[in-house]
Amino acid sequence: MMNGMNMNKMMKQMQKMQKQLSAEQENLNQQSFIGKAPGEMVVATFSGDRKLTDLQIKPDAIDPDDPEMLSDLVLSAVNDGLQQVAAATEQTLGKYTKGIPGM
């Protein structure tokens, strides 16, 4: 009988944790993360669920004789934004996955 009570208590704690995790994930998804290339020539904005929501390119970044420069600036801004999302996700949700294999 005691074992069944402990299992029930554990299940309630897991359900509570799942609700907290869902709420924190939704809050994270509503946030914006702004990645910037050097000189802010390209600015990429992401939502917390890693969706690109805006991309701004300064006219000075567009050089028809050097398209690789624009590619590098876009990559820099996108990677910066995604790194910010990853860091915030780890900080916010990492407490739920610590110690769980494969997470």
Side-chain angles (χ1 to χ4, degrees):
M1 184 75 175
M2 184 66 166
N3 193 14
M5 289 177 65
N6 287 340
M7 182 63 91
N8 197 17
K9 183 178 178 182
M10 187 173 83
M11 290 300 290
K12 285 183 181 185
Q13 288 175 333
M14 291 296 288
Q15 288 172 342
K16 180 181 177 184
M17 187 187 313
Q18 179 63 38
K19 285 181 184 178
Q20 289 172 331
L21 175 64
S22 293
E24 289 194 50
Q25 179 68 55
E26 183 58 31
N27 183 42
L28 185 65
N29 291 351
Q30 299 303 314
Q31 295 179 39
S32 291
F33 299 88
I34 300 172
K36 298 176 182 175
E40 296 187 21
M41 298 293 280
V42 176
V43 177
T45 305
F46 290 88
S47 60
D49 56 352
R50 293 178 171 83
K51 291 185 180 155
L52 183 64
T53 59
D54 189 39
L55 183 66
Q56 297 176 11
I57 301 172
K58 288 187 176 179
D60 294 345
I62 304 169
D63 181 351
D65 296 326
D66 191 5
E68 292 84 16
M69 179 185 75
L70 179 56
S71 293
D72 290 345
L73 291 170
V74 170
L75 287 173
S76 178
V78 166
N79 287 333
D80 183 42
L82 288 174
Q83 175 57 38
Q84 290 180 41
V85 174
T89 300
E90 173 60 30
Q91 182 179 11
T92 303
L93 305 179
K95 60 188 166 199
Y96 296 103
T97 58
K98 294 242 188 288
I100 299 174
M103 299 299 274

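Fair warning: this is a prediction, and the values are worked out from it, not measured in the lab.
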Chemist: Atom CE of Met14 and atom CG of Leu21: how far apart are they, to the nearest 0.5 Å?
Modeler: 10.0 Å
Chemist: Which heavy-atom pair separates Ala37 from Ser76 by the least distance, and what is that distance?
Modeler: CA-OG, 3.8 Å
Chemist: Thr89 side chain to Val85 main-chain N or O, any donor-acceptor pair under 3.5 Å?
Modeler: yes
Chemist: Any chance CD of Gln91 has more than 12 other-residue heavy atoms, nucleotides or ligands included, within less than 6.0 Å?
Modeler: no
Chemist: Could you tell me the separation between the OG atom of Ser22 and the CG atom of Leu93, rounded to the nearest 0.5 Å?
Modeler: 10.0 Å
Chemist: Apply side chain to side chain contact (heavy atoms under 4.5 Å, CB included) to residues Met69 and Asp72 and explain how you reach the verdict.
Modeler: CA-CA 5 Å; Met69 179 185 75; Asp72 290 345; 5.7 Å; no
Chemist: Between the side chain of Asp80 and the main-chain N/O of Lys36, is any donor-acceptor distance below 3.5 Å?
Modeler: yes
Chemist: Return the minimal non-hydrogen interatomic distance between Phe46 and Leu82, and the atom names on each side.
Modeler: CE2-CD2, 3.6 Å
Chemist: Side chains of Gln83 and Asn79: is there a donor and an acceptor less than 3.5 Å apart?
Modeler: no
Chemist: Taking Leu73 as the starting point, is it possible to reach Val78 by hopping between hydrophobic residues whose side chains are less than 4.5 Å apart?
Modeler: yes
Chemist: Do Met41 and Val43 belong together in a cluster built from hydrophobic side chains that touch within less than 4.5 Å?
Modeler: no
Chemist: Please check: side-chain N/O of Thr45 versus main-chain N/O of Thr53, any donor-acceptor pairing under 3.5 Å?
Modeler: no
Chemist: Just do the salt bridge (Lys or Arg N to Asp or Glu O under 4.0 Å) check on Asp60 and Lys58 with the steps written out, would you?
Modeler: CA-CA 5 Å; Asp60 294 345; Lys58 288 187 176 179; over 6 Å; no
Chemist: Just by distance, with hydrogens left out, do Glu24 and Gln20 show a side-chain donor and acceptor under 3.5 Å apart?
Modeler: no
Chemist: Which heavy atom in Leu70 sits nearest to a heavy atom in Ile57, and how many Å separate them?
Modeler: CD1-CG2, 3.7 Å
Chemist: Rounded to the nearest 0.5 Å, what's the gap from CD on Glu26 to CD on Gln31? Could you check?
Modeler: 11.0 Å
Chemist: Of the non-hydrogen atoms in Phe33 and Ala88, which two are nearest, and what is the gap between them?
Modeler: CE2-CB, 3.5 Å
Chemist: Establish whether Leu28 and Met17 are linked, either directly or via other cluster members, by ILVMFWY side-chain heavy-atom contacts under 4.5 Å.
Modeler: yes
